[in-house]
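In what follows, a structure is listed as structure tokens, so that the remarks can point back to it.
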There are 2 protein chains.
Amino acid sequence: MEITHYQRLYTQLKSQIQSGHYKEGDLLPSENELGSQHRIARMTVRRALTELANEGYIRKVKGKGSIVSATRKSLGLLSFKGFSEVVGAEHQVKTMTLRAPTVMAWPDRFFYALSQEEQQAGCVTLERVRFVNDEPIMIEYTYLPQMGLIDFCESPFVDGSLFKTLSLNYQTEITNIEQDIRAVTADEVTAFLLKVKPLTPLVQLYRRYHTSRPDYYVYSHLYCNTEQYTISNFQ
Amino acid sequence: MEITHYQRLYTQLKSQIQSGHYKEGDLLPSENELGSQHRIARMTVRRALTELANEGYIRKVKGKGSIVSATRKSLGLLSFKGFSEVVGAEHQVKTMTLRAPTVMAWPDRFFYALSQEEQQAGCVTLERVRFVNDEPIMIEYTYLPQMGLIDFCESPFVDGSLFKTLSLNYQTEITNIEQDIRAVTADEVTAFLLKVKPLTPLVQLYRRYHTSRPDYYVYSHLYCNTEQYTISNFQ
DNA sequence: TAGTGGTCTAGACCACTAA
DNA sequence: TAGTGGTCTAGACCACTAG
């Protein structure tokens with residue numbers, strides 16, 4: 001058995017909540033109903049619902065049912081999923097590439113200490129602006145050590161996703177994220193790109209992604225406009 | 001039935017781990033063994049063990065058993081540990097209490113949707129400023145639903161820590177954190193408290209801590225001055 | 001091969017909600 | 001009173017670990 005019953009039900013209900021098929025305050029079908037619909041035992045249904053409740057998607061009320069919780073208008077940006085995977089489910093997302101992947105020297109005063117190997121390898125840089133519902137929300141500068149990235153600059157990304165490309169073409173899985181968070185005021189360039197007034201407060205993130213390749217990290221540096229959307233994080 | 005079987009087993013095992021009867025690396029008795037010792041079904045044992053695993057006290061290994069974990073879950077400021085535990089190791093930390101725990105009504109337009117029960121229960125509020133190396137770095141407004149917090153406002157915190165107090169005196173463990181992050185400019189009061197100029201950009205966090213008590217959440221709202229220190233996060 | 005945890009079933013009784 | 005979620009049982013088969 002590849003995927004388990006409770007996982008399938010959990011995934012299905014979660015996506016139905018995220019897509020708006022079940023809205024805030026709605027009652028899910030009862031445990032017995034879900035069980036007979038999917039031809040699984042009630043205890044198996046309960047396992048899926050318990051997981052959803054632990055993650056805050058629903059709350060269970062004895063004698064009443066499972067109630068869909070408020071969905072937050074927020075971008076789950078602090079997880080280590082790629083941008084499109086995280087935000088795309090609930091919002092329309094576009095990416096504009098300011099600089100396609102380019103081999104360069106590392107910037108001076110890089111925000112993380114680099115190993116000698118990374119220094120010598122050089123880096124691939126790309127710059128992108130992320131749009132949510134046609135508003136520019138985030139500028140991202142990404143830096144990858146130029147180690148084993150054959151044809152990386154020449155071929156387009158798989159599904160437009162950096163992380164999918166690393167996974168499928170370079171067997172490099174993102175396993176972890178380490179990040180530093182600051183509040184800063186927008187400089188002129190950043191304000192122009194995010195279409196905000198200069199001095200607007202932005203969240204600045206320095207990130208180091210850990211990967212399944214030993215000693216291989218992906219770095220990124222980004223600014224987020226949080227006036228309309230917040231950055232959300234759930235551990 | 002006042003206390004449930006899985007709760008009793010959970011509590012017993014947890015205290016045996018905390019007291020050192022089971023040490024790091026030890027195997028707990030198997031699920032079948034615990035079941036026959038306590039004359040309860042294996043599924044009931046599993047529920048207690050699953051809870052312990054979720055909270056990081058043990059890890060379960062298929063084919064082997066349940067292994068007692070190291071006691072510390074180390075993480076950065078965005079983790080769900082209390083402030084003193086996280087920052088205190090490397091920096092000198094002090095806390096100034098602006099408002100000691102006080103029973104109040106909930107603020108208008110609270111940042112998370114509250115359940116009816118939480119609304120009716122009222123809340124305990126406290127306000128604290130955190131200092132790192134004698135600089136005010138963070139203002140934290142904490143809100144706890146006034147449910148079962150007997151003598152909470154009358155007694156001091158255990159070791160000065162809210163989370164230790166909740167754990168030891170109220171059997172409430174923090175299990176998870178959900179948070180929204182924004183950049184804002186300091187208003188006058190906040191600027192004064194953090195000793196920064198008005199309009200300085202600050203990181204604003206809205207937090208909802210999940211706990212081991214069903215449907216019991218702790219809320220907090222905080223401002224961080226990130227000019228000197230950043231907020232770090234490692235998943 | 002014996003023992004372990006992972007998943008699952010088909011029942012059961014209870015306390016609670018809402019009509 | 002009918003239906004709901006909370007707890008619990010006594011089985012079952014599986015994949016995995018370790019001797």
Side-chain angles (χ1 to χ4, degrees), chain A residues 1-14 17 22 25-69, chain B residues 1-14 17 22 25-69 115-121 147-148 171 175 210-216:
Chain A
M1 189 180 300
E2 179 73 343
I3 192 163
T4 60
H5 292 164
Y6 78 84
Q7 280 174 338
R8 182 180 300 112
L9 179 58
Y10 162 83
T11 306
Q12 183 190 317
L13 290 172
K14 191 165 95 171
I17 291 171
Y22 293 119
D26 284 358
L27 280 174
L28 294 186
S30 76
E31 297 179 349
N32 286 317
E33 218 166 316
L34 286 170
S36 57
Q37 278 173 15
H38 294 79
R39 302 174 175 283
I40 55 181
R42 185 177 158 225
M43 285 300 287
T44 308
V45 173
R46 281 182 64 71
R47 174 136 185 207
L49 293 181
T50 298
E51 211 118 320
L52 287 171
N54 285 341
E55 294 176 7
Y57 288 98
I58 61 173
R59 60 178 209 282
K60 298 159 139 200
V61 180
K62 194 195 289 194
K64 201 171 174 197
S66 298
I67 304 170
V68 176
S69 300
Chain B
M1 189 181 298
E2 180 73 344
I3 192 163
T4 60
H5 292 163
Y6 79 86
Q7 280 174 337
R8 181 181 301 109
L9 179 57
Y10 162 84
T11 306
Q12 182 190 316
L13 290 172
K14 189 166 95 171
I17 291 171
Y22 293 118
D26 284 359
L27 280 175
L28 295 186
S30 77
E31 298 178 349
N32 286 316
E33 217 167 317
L34 286 169
S36 58
Q37 280 173 14
H38 294 80
R39 302 173 176 284
I40 56 181
R42 184 176 159 226
M43 286 299 287
T44 308
V45 174
R46 281 183 62 72
R47 171 137 188 205
L49 293 182
T50 298
E51 210 117 323
L52 288 172
N54 286 341
E55 293 175 8
Y57 289 99
I58 61 173
R59 61 176 209 282
K60 299 159 135 196
V61 180
K62 194 195 288 194
K64 204 170 172 196
S66 298
I67 304 169
V68 176
S69 301
S115 71
Q116 275 206 350
E117 284 146 359
E118 288 175 318
Q119 282 281 8
Q120 291 165 0
M147 302 156 75
Q171 288 70 51
T175 55
H210 297 224
T211 73
S212 53
R213 276 174 65 187
D215 296 321
Y216 192 81

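Each chain gets a letter, A, B and so on, in the order the sequences are listed, and its residues count up from 1. Values reported hereafter were calculated over all heavy atoms of this structure, with side chains retained and with hydrogens, waters and symmetry mates removed.
- Regarding B:Glu31, its CD atom lies at a distance of 15 Å from the C1' atom of D:dA12, rounded to whole Å.
- Rounded to whole Å, the distance from CZ on B:Arg42 to C1' on C:dT4 is 8 Å.
- Residue B:Lys62 has its side chain nearest to C:dG5 when only D:dT9, D:dG5, C:dG5 are considered.
- Each of A:Ile40, A:Leu13, A:Thr44 was evaluated against A:Leu34; a single residue qualifies, A:Leu13, per the side chain to side chain contact (heavy atoms under 4.5 Å, CB included) test.
- Both A:Leu28 and B:Met43 lie near DNA chain D, and the one whose nearest nucleotide falls closer to the 5' end is A:Leu28.
- Rounded to whole Å, the distance from CZ on B:Arg8 to P on D:dT7 is 13 Å.
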Show me the side-chain donor-acceptor pairs of residues 45-53 of chain A shorter than 3.5 Å, one per line, residues at least two apart or across chains.
residue: A:Arg46; atom: NH1; partner: A:Glu31; partner atom: OE1; Å: 3.3
residue: A:Arg46; atom: NH1; partner: A:Glu31; partner atom: OE2; Å: 3.0
residue: A:Arg47; atom: NH2; partner: A:Tyr6; partner atom: OH; Å: 2.9
residue: A:Thr50; atom: OG1; partner: A:Arg46; partner atom: O; Å: 2.7
residue: A:Thr50; atom: OG1; partner: A:Lys60; partner atom: NZ; Å: 3.2

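- Atoms CD1 (A:Ile58) and P (D:dG6) sit 9 Å apart, rounded to a whole Å.
- Between B:Arg59 atom CZ and D:dT17 atom P the separation is 13 Å, expressed in whole Å.
- Atom pair A:Ile67:CD1 and C:dT17:P shows a separation of 11 Å (rounding to whole Å applied).
- The residue A:Arg39 sits close only to the backbone: its heavy atoms come under 4.0 Å of sugar-phosphate atoms, none of a base.
- Using a 4.5 Å cut-off on side-chain heavy atoms (C-beta onward), A:Pro29 and A:Tyr22 make contact.
- A 4.5 Å side-chain heavy-atom check between B:Arg8 and B:His38 finds every atom pair outside the cut-off.
- Counting non-hydrogen atoms under 4.0 angstrom, A:Leu49 reaches nothing in the nucleic acid.
- Distance from the side chain of A:Ala41 is smallest to C:dA10 among C:dA10, C:dA12, D:dT4.
- Here C:dT7 presents its C1' atom at 17 Å from CZ of B:Arg47, a figure rounded to the nearest Å.
- When the side-chain nitrogen and oxygen atoms of A:Ser66 are compared with OP1 and OP2 of D:dG5, one or more of them lie within a distance under 4.0 Å.
- Nearest heavy-atom pair across B:Ile3 and B:Gln7 is CG1-OE1, 3.6 Å.
- When base pairs are accepted only as Watson-Crick or G-U wobble with both N-N or N-O distances under 3.5 Å, DNA chain C takes part in stems of 3 or more pairs at C:1-18 with D:1-18.
- Looking at heavy atoms from C-beta onward, A:Ile67 lies out of side-chain contact with A:Asp26 at the 4.5 angstrom threshold.
- In this structure a side-chain-to-backbone donor-acceptor pair under 3.5 Å is missing from A:Ser66 to A:Leu28.
- Across B:Ser69 and B:Ile58, no two heavy atoms sit closer than the pair OG-C, 3.4 Å.
- Side-chain proximity of A:Ser30 to the nucleotides D:dT4, D:dT7, C:dC8 is greatest for D:dT4.
- In this structure, the nucleotide among C:dG6, D:dT4, C:dG11 sitting nearest to the side chain of B:Arg46 is C:dG6.
- Nearer to the 5' terminus of DNA chain D, by closest-nucleotide assignment, is the contact made by A:Gly63 (compared with the other of A:Lys60 and A:Gly63).
- When each of D:dC8, C:dT9, D:dT4 is scored by its nearest atom to the side-chain atoms of A:Asn32, the top-ranked nucleotide is D:dT4.
- For the pair A:Thr44 and C:dT7, the criterion of a side-chain N or O lying under 4.0 Å from OP1 or OP2 is not met.
- Phosphate proximity of C:dT7 to A:Tyr6: present, with a side-chain N or O under 4.0 Å from OP1 or OP2.
- When rounded to the nearest whole Å, the span between CG of A:Leu52 and P of D:dG5 equals 13 Å.
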